[in-house]
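Below is one structure, written out as structure tokens; comments come after it.
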Amino acid sequence: MQRPANILVIDDEPDLRTLYELTLLREGYRVEAAGSVSEAWEHLEAGQFDAVITDMRLPDGQGMEIIHRIQKDQRSERCVVMTAYGSAENAVEALKAGAFDYLTKPVDLKQFRAVVASAVQAQQVASAKVMRATPAAQGERAVDTPAVPGSGIAALDRLVGDSEPMRLVKSRIAKVARGMAPVLVRGESGTGKELVARAVHACSQRSDGPFVAVNCGAIPENLLEAEFFGARKGSYTGSSQDRDGYFQAARGGTLFLDEIGDLPLAMQSKLLRAIQERSVRSIGSTQEDAVDVRIVSATHKDLHAEVHAGRFRQDLFYRLNVIEIAVPALRDRREDLPALCAALLTRIAHDGGLPVPHLSAELLRRLAQHPLHGNVRELENLLHRAVALNDGDELHLDLMGAGQLAAMPSGSAIAAPESALPSSSPTAAGDELLATAAPSATVFAEPKTPPPPLPSDLQAYLDQQEREILVRALHESGFNRTAAAARLGMSLRQIRYRIARLGITTPNGDEGVPSNADD
């Protein structure tokens, strides 16, 4: 019979401490309580706990001191911090310091029980996996990281390369996977950001749960809310049955939001609320459903610049960018080219039922000299093309057609042969699949620039254009709305209306209301 989990609760308010104790005792946990940092350390020095629940402000110090010391002493307890409402920066600081999760005061007891259960499960799963893991089973690891489960080791191995930048990426993945902190994966297109997200999931205690990948830029704007949060039968035309959204599908696992920078502003605010409240309301429903998911997002855009331009919410950026993993471009790790080419050629040959072609030194030399602006995705296309045109024992690169990318059915940009995993997303993952046409037979023809696609939502497109113009005018006039209005040929009343309608926030924190800046 498994022993009941041991929980330490730290809060200086006796009534709240008693409430937390009783709530946890009813869940079957063993509970000890403390009212200060010093008292908490007396309990911790006397024994081990599965989870520590601590208030941020204590009479003789901060809850952060407990987190830092637990990390420094390499103890196994999962820490959950409780912060005052509106103190998001404290929660972010705690997550970066190693806290497993956080709760906002006043604490919702249903959410409290769910977070504690998740922390206890994470600690027990991690302990069991560490006990099962042996050096013989894991082999020599190039990554100096905490122990990871077998699925995590396999996922890290799919990130082909042992260059210093890749070793740092793998080490960071294994370290951040331990908690619940949101992760932002940043890198150029074609670098393999989804593989990094999958590795974070596989190295975590959620590895047995679902991994749901969503390409935020591939969903029509009018369907975003239903796709993310689900919809009840009859809530809109054509909804003939209840359906879950991505949040519900990812319960107990990881929700990967690819190309998060492409999410429209209206949806950004709804996503922020879902992440903050840990609950979603399906379209047509009157009740909110609690959702236990870890958020991992990815982008090739500079989100700092997007925030400055008014295209991305600052509060959502800080919520998603608790921990950042930067995926290096291929030009910054060219020493990985031999291993990458070998892995990709093996997979290409396996998929085509062909013998693995010989990888000559001359081919590697030519690849090393090629710019490879498209990163690993471009490398894979070059090798696909070389295999398709191969008529001898050695491969020959056709760099004449290298600028025209071929659409490849492979699932991952830098996966080893056995790692082709199907995407969990109903939409194509933009980082892993290519959407351009196959190379033309006439490689000398001057390519024609195709016309831009028609917007699927004209009003949203026009609003976005108007917003960008207004934000630029406001920036250039020092947020003096009278001056900005004059430059755009409109009245102060008109520009105030547009600022309010489009939700543009000025440095005052207002949205289109009068201020001294108008003078």
Side-chain angles (χ1 to χ4, degrees), residues 1-12 16-56 58-83 94-103 107 112-135 137-138 144-150 152 174-181 203-208 292 294:
M1 182 178 177
Q2 189 177 21
R3 67 169 179 82
N6 203 12
I7 314 290
L8 175 61
V9 176
I10 310 164
D11 198 301
D12 62 329
L16 287 177
R17 199 164 61 239
T18 300
L19 175 63
Y20 301 147
E21 280 187 81
L22 291 174
T23 300
L24 295 174
L25 286 169
R26 290 193 187 102
E27 295 295 305
Y29 301 121
R30 293 172 53 194
V31 185
E32 296 183 34
S36 63
V37 173
S38 57
E39 191 179 344
W41 273 110
E42 290 178 10
H43 287 278
L44 287 165
E45 288 170 355
Q48 286 287 125
F49 294 85
D50 294 277
V52 175
I53 321 297
T54 180
D55 194 8
M56 190 63 88
L58 295 165
D60 57 346
Q62 295 282 328
M64 288 293 297
E65 297 175 35
I66 296 171
I67 298 170
H68 285 304
R69 189 162 169 185
I70 284 176
Q71 294 294 312
K72 181 182 176 182
D73 294 350
Q74 296 184 331
R75 296 178 63 104
S76 63
E77 289 89 353
R78 296 295 196 261
C79 293
V80 176
V81 296
M82 296 181 287
T83 68
L95 291 170
K96 287 182 175 178
F100 175 78
D101 210 338
Y102 71 94
L103 292 160
V107 173
F112 178 78
R113 289 191 292 267
V115 170
V116 172
S118 182
V120 168
Q121 181 186 22
Q123 198 281 335
Q124 292 177 345
V125 169
S127 297
K129 288 177 178 176
V130 169
M131 289 178 66
R132 289 198 302 268
T134 63
Q138 292 186 10
D144 181 19
T145 60
V148 295
K175 288 175 181 175
V176 307
R178 187 172 181 260
M180 277 284 289
C203 291
S204 73
Q205 82 282 352
R206 296 175 165 258
S207 58
D208 294 333
D292 171 28
R294 186 186 193 176

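All values below were derived from every heavy atom in this structure, side-chain atoms included, with hydrogens, water molecules and symmetry-related copies excluded.
- Once rounded to the nearest 0.5 Å, the distance linking OG of Ser36 with CD of Glu42 reads 7.5 Å.
- Side-chain contact between Val52 and Ile10 is present, with at least one heavy-atom pair separated by less than 4.5 Å.
- Rounding to the nearest 0.5 Å places CD of Glu27 at 10.0 Å from CG of Leu25.
- Asp55 CG to Gln62 CD: the interatomic distance, rounded to the nearest 0.5 Å, is 9.0 Å.
- Crowding of Arg30 atom CZ: a count of heavy atoms from other residues, nucleotides or ligands under 6.0 Å not exceeding 12.
- Inter-residue side-chain proximity for Gln48 and Asn6 is flagged as unmet; no heavy-atom pair is nearer than 4.5 Å.
- Between atom CG of residue Asp50 and atom CG of residue Leu8 there is a gap of 11.5 Å, rounded to the nearest 0.5 Å.
- Under the 30°/60° scheme for interplanar angles, the aromatic rings of Tyr20 and Phe112 are found to lie parallel.
- The number of heavy atoms from other shown groups lying within 6.0 Å of CD (Gln74) does not exceed 12.
- The two residues Gln71 and Ala97 come nearest to each other via the heavy atoms CG-O, 3.4 Å.
- Nearest heavy atoms, Gly28 versus Pro4: O-CB, 3.3 Å.
- In this structure, Lys72 and His68 have side chains that are not in contact, with every pair of non-hydrogen atoms separated by 4.5 Å or more.
- Note that the CG atom of Leu16 and the CG atom of Asp11 stand 5.5 Å from one another [nearest 0.5 Å].
- When atom types are taken as modelled, the side chain of Arg294 and the backbone of Ala181 share a donor-acceptor pair closer than 3.5 angstrom.
- Contact check for Asp73 versus Leu44: no side-chain heavy atoms found under the 4.5 Å cut-off.
- Pairing each heavy atom of Arg75 with each of Gly47, the nearest pair is NH2-O, 3.0 Å.
- Taking every heavy atom of both residues into account, Ser118 and Phe100 meet most closely at OG-CZ, 3.5 Å.
- Minimum heavy-atom separation, Ala177 to Ser204: O-CB, 3.3 Å.
- No donor-acceptor pair under 3.5 Å is formed between the side chain of Ser207 and the backbone N or O of Cys203.
- Between Asp292 and Arg206 there is a salt bridge, since at least one side-chain N of the basic residue sits less than 4.0 Å from a carboxylate O of the acidic one.
- Taken to the nearest 0.5 Å, the CD1 atom of Ile7 stands 10.0 Å off from the CD atom of Glu77.
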